[in-house]
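Here's the structure we're looking at; comments come further down.
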Amino acid sequence: MGYRPMAEHLAAQLDLAPPEWSRSRTLATPWFPSSLPSKRMEALVWAPAAFRKHGVYLSARDLEAA
């Protein structure tokens with residue numbers, strides 16, 4: 001999943017600016033944790049902004065379970 005989007009996501013939840021090192025690099029090809037079309041659609045709709053920015057698409061519910 002990557003620590004950059006997680007750092008940005010957690011900073012946003014705490015109303016803090018994200019660390020400078022977390023702002024760079026995005027995936028050239030979007031990453032989904034599942035190949036199931038229904039899970040991909042869920043991830044496209046519910047992925048937190050920090051993850052979408054970096055090309056990582058997972059449901060916010062997946063983060064809650066982690």
Side-chain angles (χ1 to χ4, degrees):
M1 169 174 37
Y3 54 88
R4 292 172 196 273
M6 181 59 82
E8 282 192 37
H9 178 69
L10 292 174
Q13 286 185 329
L14 297 171
D15 201 26
L16 299 171
E20 187 64 38
W21 55 263
S22 71
R23 297 178 189 182
S24 63
R25 296 185 62 192
T26 59
L27 297 176
T29 304
W31 180 83
F32 294 87
S34 175
S35 61
L36 293 172
S38 61
K39 294 298 270 180
R40 284 181 171 233
M41 185 58 68
E42 181 182 335
L44 284 170
V45 172
W46 295 108
F51 287 84
R52 289 192 313 264
K53 174 183 167 187
H54 290 278
V56 176
Y57 291 88
L58 71 162
S59 170
R61 287 183 243 168
D62 293 335
L63 285 174
E64 292 172 5

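Because the structure is predicted, anything quoted here is derived from the model rather than measured.
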Donor-acceptor contacts, no H, no angles, side chain residues 38-53, under 3.5 Å, sequence neighbours left out:
from, atom 1, to, atom 2, distance (Å)
Arg40, NE, Ser34, O, 3.2
Glu42, OE2, Ser59, OG, 3.1
Arg52, NH1, Ala47, O, 2.3
Lys53, NZ, Glu8, OE1, 3.4
Lys53, NZ, Glu8, OE2, 3.4

Please output the side-chain donor-acceptor pairs of residues 9-18 that fall under 3.5 Å, not counting sequence neighbours, one pair per line with the distance.
from, atom 1, to, atom 2, distance (Å)
His9, NE2, Gln13, NE2, 3.3

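Across Ser22 and Pro19, no two heavy atoms sit closer than the pair OG-O, 2.7 Å.
Residues Leu27 and Met6 are members of one and the same hydrophobic cluster, defined by side-chain heavy-atom contacts under 4.5 angstrom among Ile, Leu, Val, Met, Phe, Trp and Tyr.
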